[in-house]
Protein chains: 2
Amino acid sequence: MVQKQEYLSKNQKIVLDHVEKANQPLKAYSILYNVQKKGLKAPLQVYRALDKLVEIGKIHKIESRNAFVACKNSNCVVSNATAFSICESCEKVTEINNSKLSKYLSNFEDNSGMKYSKYNLEFFGLCKKCKNK
Amino acid sequence: MVQKQEYLSKNQKIVLDHVEKANQPLKAYSILYNVQKKGLKAPLQVYRALDKLVEIGKIHKIESRNAFVACKNSNCVVSNATAFSICESCEKVTEINNSKLSKYLSNFEDNSGMKYSKYNLEFFGLCKKCKNK
DNA sequence: AACGCATTGTTATATTATAACATTATTATT
DNA sequence: AATAATAATGTTATAATATAACAATGCGTT
């Protein structure tokens with residue numbers, strides 16, 4: 001039996017490295033542009049690396065922005081419970097690390113009989129800086 | 001002073017009408033294809049109508065799917081607090097109408113000093129039907 | 001060595017969304 | 001009724017985001 005992948009591949013490392021160095025979400029094509037010097041030439045190479053990194057929780061996708069950000073929560077082993085705050089003015093995105101919130105949402109059940117294995121929450125508003133302008 | 005728009009325009013009505021008749025989220029280009037017989041010829045006509053309808057809360061965007069669904073909550077006057085359940089197998093999407101959840105999230109504050117005016121939450125899992133397969 | 005599977009490389013193309021510009025409609029104020 | 005402000009429309013072109021399809025390589029297991 002083939003073991004579950006433990007180490008990142010070359011392209012995955014390159015992409016993760018780049019995304020981790022940014023402290024804001026990056027667009028796929030901006031990543032592509034910036035890793036071209038490292039040999040990744042085509043969108044698919046970036047998207048494939050991103051897919052994997054999202055799958056294993058190293059990177060999260062900010063769905064409302066089509067952008068990708070490195071996971072800041074060491075405990076976010078798998079990308080199944082994510083929450084972000086997004087400033088609608090400066091677009092600053094912060095991953096929310098709030099155990100009460102994650103507990104509340106992980107245990108949430110509605111009357112549909114559906115048990116949720118995953119969620120993504122995006123809050124919008126104005127960050128401190130932008131509010132005081 | 002010009003008043004806030006009260007009635008929908010021609011294109012907005014056409015698009016909303018079509019989206020309301022579907023009971024699942026629709027893609028923008030699928031909407032376009034289906035309203036062409038009503039005279040809307042270009043993507044922008046659909047996107048502009050959708051933008052407005054989303055803004056006034058008649059339609060919500062399912063961000064993770066790039067799809068649009070009519071609001072089922074009569075109280076969802078403005079599209080500022082949305083929650084959905086999404087089946088990862090059959091892609092059925094349901095708008096969650098749970099006052100406890102919406103109260104909890106509307107009042108949520110973290111330590112960033114940011115006050116949220118809006119949120120979107122998407123739960124993923126298997127619906128009843130798909131779970132029993 | 002042979003197999004299975006993840007990854008890579010590459011070209012082409014599909015899908016989603018907006019820019020830019022000209023025109024028309026609606027409604028409030030003068 | 002004329003004017004002005006705002007919203008909506010129509011149209012062409014193009015930008016931005018993402019995947020299909022196919023061939024080849026790398027690497028651990030049997």
Side-chain angles (χ1 to χ4, degrees), chain A residues 1-19 24-69 91 93 120 122, chain B residues 1-19 22 24-69 88 91 93 120 122:
Chain A
M1 208 235 283
V2 177
Q3 292 249 306
K4 194 181 169 188
Q5 189 198 6
E6 218 161 305
Y7 300 103
L8 298 177
S9 74
K10 191 192 73 177
N11 289 1
Q12 290 159 11
K13 269 182 221 147
I14 291 171
V15 168
L16 178 57
D17 195 52
H18 182 67
V19 175
Q24 281 302 291
L26 300 177
K27 303 290 205 132
Y29 277 73
S30 136
I31 296 170
L32 173 59
Y33 180 82
N34 280 284
V35 297
Q36 275 178 339
K37 60 197 77 152
K38 304 239 166 136
L40 281 83
K41 289 176 190 157
L44 247 195
Q45 294 178 297
V46 169
Y47 278 107
R48 286 199 283 223
L50 285 172
D51 280 354
K52 191 69 186 187
L53 292 163
V54 165
E55 188 190 321
I56 64 178
K58 294 284 191 185
I59 282 184
H60 302 310
K61 182 173 186 184
I62 311 299
E63 294 286 357
S64 66
R65 299 299 186 259
N66 297 317
F68 300 86
V69 69
E91 292 291 322
V93 171
N120 179 57
E122 298 180 7
Chain B
M1 208 236 282
V2 177
Q3 292 249 306
K4 196 183 168 185
Q5 188 200 6
E6 218 161 305
Y7 298 104
L8 297 178
S9 74
K10 190 192 73 177
N11 289 0
Q12 289 158 13
K13 268 182 220 144
I14 292 170
V15 169
L16 178 57
D17 194 53
H18 182 68
V19 175
Q24 281 302 290
L26 299 177
K27 303 289 205 136
Y29 275 71
S30 138
I31 296 170
L32 172 60
Y33 180 81
N34 281 284
V35 297
Q36 275 177 338
K37 60 197 78 150
K38 304 240 165 138
L40 282 83
K41 290 176 189 158
L44 248 195
Q45 295 178 297
V46 169
Y47 278 107
R48 287 199 282 223
L50 286 172
D51 280 354
K52 190 69 184 185
L53 292 163
V54 166
E55 189 192 320
I56 63 178
K58 294 283 191 186
I59 282 184
H60 302 310
K61 182 172 185 184
I62 310 300
E63 294 286 357
S64 67
R65 299 298 187 258
N66 298 317
F68 300 86
V69 69
E88 290 186 298
E91 292 292 320
V93 171
N120 179 55
E122 297 180 7

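A, B, ... follow the sequence lines: proteins, then strands. Residue 1 opens every chain.
Within the model, atoms NZ of B:Lys10 and CD of B:Gln45 stand 7.5 Å from one another, a figure rounded to the nearest 0.5 Å.
In this structure, the side chain of B:Lys27 engages the main chain of B:Arg65 through a donor-acceptor pair within 3.5 Å. Using a distance-only test at 3.5 Å, with no hydrogens or angles considered, a donor-acceptor pair links the side chain of B:Glu122 to the main chain of B:Ser64.
Only one option out of A:Val19, A:Val69, A:Asp51 pairs with A:Ile59 in a side-chain contact (heavy atoms from CB on, under 4.5 Å); it is A:Val19.
At the phosphate of D:dA18, OP1 or OP2 sits under 4.0 Å from a side-chain N or O atom of A:Asn66. Contact annotation: B:Ser9 reaches the phosphate of D:dT9 (side-chain N/O to OP1 or OP2, under 4.0 Å). When the side-chain nitrogen and oxygen atoms of B:Asn11 are compared with OP1 and OP2 of D:dG10, one or more of them lie within a distance under 4.0 Å. Residue B:Lys13 has no polar side-chain atom (N or O) positioned under 4.0 Å from OP1 or OP2 of D:dT9.
The side chain of A:Lys52 has C:dT7 as its nearest neighbour among D:dA18, C:dA17, C:dT7.
Between A:Leu26 atom CG and D:dT17 atom C1' the separation is 15 Å, expressed in whole Å. Between B:Asp51 atom CG and D:dA7 atom P there is a gap of 14 Å when expressed in whole angstrom units. We find that CG of A:Leu8 is positioned 15 Å from P of C:dA6, with the value rounded to whole Å. Put simply, CD on B:Glu63 is 20 Å from P on C:dT15, counting in whole angstrom units. Atom NZ in B:Lys27 sits about 10 Å away from atom C1' in D:dA18, given to the nearest Å. Rounded to whole angstrom, the span from the CD1 atom of B:Ile56 across to the P atom of D:dA7 amounts to 13 Å.
Residues of residues 29-42 of chain B having a heavy atom closer than 4.0 Å to DNA chain D, listed by number: B:Lys41, B:Ala42. Interface residues of residues 43-50 of chain B facing DNA chain D, ordered by number: B:Leu44, B:Gln45, B:Arg48; criterion, heavy-atom separation under 4.0 Å.
When all heavy atoms of A:Glu63 and A:Asn120 are compared, the closest pair comes out as CG-ND2, 4.0 Å. Of all heavy-atom pairs between B:Ser30 and B:Asn34, the closest is O-ND2, 2.8 Å.
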